[in-house]
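Here the structure comes first, spelled out in structure tokens, and everything after it is commentary.
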Amino acid sequence: MSDSPHEKLAYRLSDMITMLNGGETLNIADLTEKYQVSRRTMLRDIEDRLGFLPLQKTTQGYKLEPSYLGQLSYKDIRTFAQISGISGLYPNLDTAFLREILDHRASQVYSVKGYTFEDAKQFEPMMSQLKSAIKSCRMVAFIYKDKSRLVAPYKIIHHRGCWYLAGVQDGELKAYRMSRISEFCFDDMPSFAMDKAIVDRINQDESIWYGQEKVEVVLKVSADVASHFVQRQLLPEQQLIKELDDGGLLLSSHVVSAKQILPLVRYWIPHIKIVSPEGWQNVLEEELKHYISFQKK
């Protein structure tokens, strides 16, 4: 931070507003020590410079009136970023960084491209009812893949750009793609007991392929693109087996179906190859031959 008195004041005020907006109480003694200023300066900052805010004076200090806490605190924003899966887009979600990213000038520095997702507006009525059903532990009924379903809803999940409902049907945990749900019903449904073990399982599992046995896939990645796989997990449950002498990588991934990984491998052709299970690479190559043959017609 600059030694300029003006910049020090700006920092103090912005920091205190952040604290107030987060529901914290401004304690004079604590702040004089934190900012290394006199008690008189601290009182002038709060009572004069922040006087436009609806502050309440308590025995502990000054706090914002509860009715004024209508905007998100930085803690709320961090929680939202983690739930929505975008926290990894940014280097650090501490208070200083959030203060910077929310500034109107942030667009001069940051931009996100290629982050595609399913628009949740189309599911708004269903999501609203699902939220109520989950909180009240009520079953829901709907049509899915042309069959009637009675499901105990546990969580609404955003996974790889798409929205899913994680729920239990006939004792089995499943994921239902929300875009394929129809004739959704919430009214007059029976209640159910929320199982903590299922909640933990949903929270801990990286994928939405519940209740299906997983297969280990071993892949060889060329040195040309190895850095991309080192920096990010681009494959389901990706793990490094070993670094190869030529700079390439040998990786493992765990999937429930070839359909889960073949599209990802196709994207990285010709820099990636399926080593095992035996035959999966052949399936990939046959699909490519069929595609090339189709394009020539």
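What you see is a predicted model, and the numbers here were worked out from it, not measured in a lab. Worth knowing before you read on, the calculation uses all heavy atoms, side chains too, and leaves out hydrogens, waters and symmetry mates.
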Determine whether Leu173 and Arg201 satisfy the following criterion, side-chain contact (heavy atoms from CB on, under 4.5 Å), listing intermediate values before the conclusion.
CA-CA 10 Å; Leu173 176 61; Arg201 183 177 168 191; 4.0 Å; yes

Run Met42 and Glu47 through side-chain contact (heavy atoms from CB on, under 4.5 Å) and show every step you take.
CA-CA 9 Å; Met42 202 71 260; Glu47 295 180 351; over 6 Å; no

Student check: side-chain heavy atoms of Pro277 and Val217 closer than 4.5 Å
yes

Inspect the surroundings of CD in Glu287 and state if more than 12 heavy atoms from other residues, nucleotides or ligands are less than 6.0 Å away.
yes

Verify same cluster id: Leu235, Val230 (apolar side-chain graph, 4.5 Å):
yes

Residue from Met126, Met178, Gln122 passing side-chain contact (heavy atoms from CB on, under 4.5 Å) with Trp163
Met178

So do Ile143 and Arg149 actually touch side chain to side chain, heavy atoms under 4.5 Å?
no

Begin from the C-alpha positions of Met194 and Val199 and carry the test side-chain contact (heavy atoms from CB on, under 4.5 Å) through to its verdict.
CA-CA 8 Å; Met194 191 77 72; Val199 174; 4.0 Å; yes

Looking only at heavy atoms, the pair that brings Leu234 and His228 closest together is CD1-O, 3.7 Å

Taking all non-hydrogen atoms of both residues into account, name the closest pair between Pro153 and Phe192 and its distance.
O-CZ, 3.3 Å

Using every non-hydrogen atom in the two residues, find where Gly247 and Ala226 come nearest and quote the distance to one decimal.
O-CB, 3.6 Å

Derivation and outcome, salt bridge (Lys or Arg N to Asp or Glu O under 4.0 Å), residues Asp45 and Arg49
CA-CA 5 Å; Asp45 283 352; Arg49 296 184 172 112; 2.5 Å; yes

Under a 4.5 Å cut-off applied to non-hydrogen side-chain atoms, are Cys162 and His158 in contact?
no

Can you sort out the partners of Gln233 under side chain to side chain donor-acceptor pair (under 3.5 Å), two or more places apart, ordered by chain and number?
none

With a 4.5 Å heavy-atom cut-off, do Ile272 and Lys220 have their side chains touching?
no

Take atom NZ of Lys214 as the centre, draw a 6.0 Å sphere, and report whether it contains more than 12 heavy atoms from other residues, nucleotides or ligands.
yes

Is there side-chain contact between Lys155 and Leu165, with at least one heavy-atom pair below 4.5 Å?
no

Say you draw a straight line from CZ of Arg12 to CD1 of Ile17; how long is it, rounded to the nearest 0.5 Å?
12.5 Å

For residues Val221 and Lys273, determine if any side-chain heavy atom of one lies less than 4.5 Å from a side-chain heavy atom of the other.
no

Verify the neighbour count for atom CD of Glu243: are there more than 12 heavy atoms of other residues, nucleotides or ligands below 6.0 Å?
no

Quick check: closest heavy atoms across Leu262 and Trp280, and the distance to 0.1 Å?
CD2-O, 4.2 Å

How long is the gap from CG on Leu64 to CE on Met16, to the nearest 0.5 Å?
13.0 Å

Examine distances only and state if a side-chain atom of Gln281 and a backbone atom of Ile274 form a donor-acceptor pair shorter than 3.5 Å.
yes

Common cluster, Ile261/Trp268, ILVMFWY with side-chain heavy-atom separation under 4.5 Å
yes

Between Tyr154 and Ile134, the two heavy atoms sitting closest are O-CG2, 3.4 Å

Using the rule that Ile, Leu, Val, Met, Phe, Trp and Tyr join whenever any side-chain heavy atoms are under 4.5 Å apart, tell me whether Val275 and Leu288 fall into a single cluster.
no

Roughly how far, to the nearest 0.5 Å, is the CZ atom of Arg177 from the NZ atom of Lys145?
11.0 Å

When rounded to the nearest 0.5 Å, the distance separating CD1 of Ile156 from CZ of Phe123 is 11.0 Å

Give the intermediate values and the outcome of side-chain contact (heavy atoms from CB on, under 4.5 Å) for residues Arg40 and Leu43.
CA-CA 5 Å; Arg40 181 178 178 182; Leu43 284 171; 5.9 Å; no

Are any side-chain N or O atoms of Ser136 and backbone N or O atoms of Ser132, one a donor and one an acceptor, separated by less than 3.5 Å?
yes

Within the structure provided, determine whether Phe142 and Arg180 are in side-chain contact (heavy-atom separation under 4.5 Å).
no

Give, for atom OH of Tyr144 and atom OG of Ser182, the distance between the pair rounded to the nearest 0.5 Å.
11.0 Å

Does Lys63 have more than 12 heavy atoms from other residues, nucleotides or ligands lying within 6.0 Å of its NZ?
no

Quiz: residues 249-257 side-chain donor-acceptor pairs under 3.5 angstrom, not counting sequence neighbours:
residue, atom, partner, partner atom, Å
Ser253, OG, Pro236, O, 2.6
Ser257, OG, Lys259, N, 3.1

Kindly work out whether a path of hydrophobic side-chain contacts (I/L/V/M/F/W/Y, heavy atoms less than 4.5 Å apart) joins Ile292 to Val265.
no

Decide if atom CZ of Arg44 counts as having more than 12 heavy atoms of other residues, nucleotides or ligands within a radius under 6.0 Å.
yes

Atom CG of Asp245 with >12 non-hydrogen neighbours under 6.0 angstrom
no

In short, Ile157 meets Ala166 closest at the heavy-atom pair CD1-CB, 3.7 Å

Pair Tyr176 + Phe184: ring centers closer than 6.0 Å
no

Rounded to the nearest 0.5 Å, how far apart are CZ of Arg266 and CD1 of Ile269?
7.5 Å

Show every donor-acceptor pair shorter than 3.5 Å between a side-chain atom in residues 22-34 and any protein atom, with sequence neighbours excluded, or say none if there are none.
residue, atom, partner, partner atom, Å
Asn27, OD1, Ala29, N, 3.1
Asn27, OD1, Asp30, N, 3.0
Asn27, ND2, Gln60, O, 2.8
Thr32, OG1, Ile28, O, 3.3
Thr32, OG1, Ala29, O, 2.8
Lys34, NZ, Asp15, OD2, 2.7

If you count the non-hydrogen atoms of other residues, nucleotides and ligands that lie under 6.0 Å from CG in Asp188, is the total more than 12?
no

Is Phe229 reachable from Val218 through a run of hydrophobic residues whose side-chain heavy atoms are each under 4.5 Å from the next?
no

